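So the structure is just underneath, and the comments pick up after that.
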Amino acid sequence: MKAGSLFIMALTFTPLAAVAEPTTWHDFVVHESGAVAQIPMDVFSEDGGTPDSGYGRRFFTSDRRANLTVQSIPNDDNDTPAAFLAKKHPPSNLVYKKVTPRFFVVSSYRENKIWYNRCNFAGHFVNCVLINYPAAEKRQWDNVVTRISNTLASR
């Protein structure tokens, strides 16, 4: 088999197209809290309904291999990010953890997926983005996850 044929086969089996260069970014707003995050609608094109708790929305890729939740949870106990995270009992095998006075980020692996959670603390709400995506596609997802995370804010 020629080298060019191998290259074409590699492109055929690479799931890069679903996350490479999203073009339709949309500000998703949680009206109850004023939280907002930019999400790539051409990647997370399927509506997944409301989250298990709080306010917001879940989204899926068309093949459901990845999902995104934009969520606001009331912070009735006025917890700090560290206290809130401790109450959630995160697993001991975290790959990444950053806690500041205004937000926390945690990430790790579960089965064949990477899960990434960022929660900002604003007023009486904890505003979060929760993203799960295939670990084998980490590099292809890095820019998407970074943009979603960096745009999480309160209005």
Side-chain angles (χ1 to χ4, degrees), residues 15-16 18-155:
L16 184 66
V19 291
E21 304 304 325
T23 57
T24 310
W25 288 88
H26 171 74
D27 283 350
F28 177 79
V29 179
V30 180
H31 294 287
E32 294 85 351
S33 66
V36 61
Q38 288 185 359
I39 61 172
M41 296 305 295
D42 48 347
V43 174
F44 292 106
S45 57
E46 304 293 319
D47 185 346
T50 57
D52 294 335
S53 62
Y55 309 100
R57 206 88 192 143
R58 293 189 59 167
F59 302 92
F60 292 95
T61 56
S62 60
D63 60 6
R64 295 200 169 239
R65 78 180 188 285
N67 64 70
L68 162 69
T69 302
V70 182
Q71 177 179 35
S72 293
I73 303 165
N75 187 4
D76 295 330
D77 294 335
N78 202 29
D79 287 331
T80 64
F84 185 89
L85 182 59
K87 286 181 179 180
K88 295 296 182 185
H89 306 288
S92 59
N93 66 337
L94 291 175
V95 172
Y96 181 79
K97 177 181 176 182
K98 181 175 184 174
V99 180
T100 77
R102 296 184 346 195
F103 72 90
F104 70 79
V105 177
V106 287
S107 184
S108 194
Y109 294 89
R110 182 181 308 122
E111 296 174 6
N112 294 324
K113 301 237 182 205
I114 294 173
W115 59 269
Y116 174 95
N117 298 352
R118 178 183 177 129
C119 294
N120 293 353
F121 287 64
H124 296 292
F125 286 98
V126 180
N127 302 314
C128 303
V129 290
L130 316 172
I131 309 168
N132 299 283
Y133 56 96
E137 299 173 20
K138 181 189 180 311
R139 294 269 185 247
Q140 293 93 333
W141 282 94
D142 280 347
N143 289 336
V144 170
V145 171
T146 299
R147 181 164 173 178
I148 294 168
S149 178
N150 288 343
T151 62
L152 178 64
S154 297
R155 289 188 170 176

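Remember, predicted model here, so these are calculated numbers, not experimental data. Scope of the values below: all heavy atoms of this structure, side chains included, with no hydrogens, waters or symmetry mates.
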For the residue pair [X] and [Y], establish whether any side-chain heavy-atom pair is separated by less than 4.5 Å.
X    : Y    : result
F121 : P101 : no
F125 : N75  : no
W115 : P91  : yes
H31  : Y55  : no
Q38  : D27  : yes
N127 : V30  : no
V106 : K88  : no

Can you measure from [atom1] ([X]) to [atom2] ([Y]) and round to the nearest 0.5 angstrom?
X    : Y    : atom1 : atom2 : value
K138 : K113 : NZ    : NZ    : 15.5 Å
Y116 : D142 : OH    : CG    : 10.5 Å
N120 : S149 : CG    : OG    : 7.5 Å
L130 : N117 : CG    : CG    : 4.5 Å
N78  : H124 : CG    : NE2   : 7.5 Å
R57  : T50  : CZ    : OG1   : 6.5 Å

Look only at the side chain of [X] and the backbone of [Y], and say whether a donor-acceptor pair between them is shorter than 3.5 Å.
X    : Y   : answer
D77  : D79 : no
T61  : A66 : yes
S107 : Y96 : no
T69  : Q71 : no

Residue among T151, V144, N143 satisfying side-chain contact (heavy atoms from CB on, under 4.5 Å) with R147: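 Result: among T151, V144, N143, T151 is the only option passing the side-chain contact (heavy atoms from CB on, under 4.5 Å) with R147.
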Measure across [X] and [Y] and return the closest heavy-atom pair with its distance rounded to 0.1 Å.
X    : Y    : answer
A122 : S154 : CB-OG, 3.2 Å
F44  : I148 : CE1-CD1, 4.1 Å
G48  : F60  : CA-CE1, 3.5 Å

Can you classify the ring geometry of F59 versus F28 as parallel (below 30°), tilted (30 to 60°) or perpendicular (above 60°)?
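Ring orientation of F59 relative to F28: perpendicular.
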- Message: Looking at N93, I'd like to know if its CG atom is crowded, meaning that more than 12 non-hydrogen atoms belonging to other residues, nucleotides or ligands lie closer than 6.0 Å.
- Response: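 More than 12 heavy atoms, drawn from other residues, nucleotides or ligands, come within 6.0 Å of this atom.
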Checklist entry - Is the CG atom of D47 crowded by more than 12 outside heavy atoms at less than 6.0 Å? => result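 Yes, the 6.0 Å shell around CG holds more than 12 heavy atoms from other groups.
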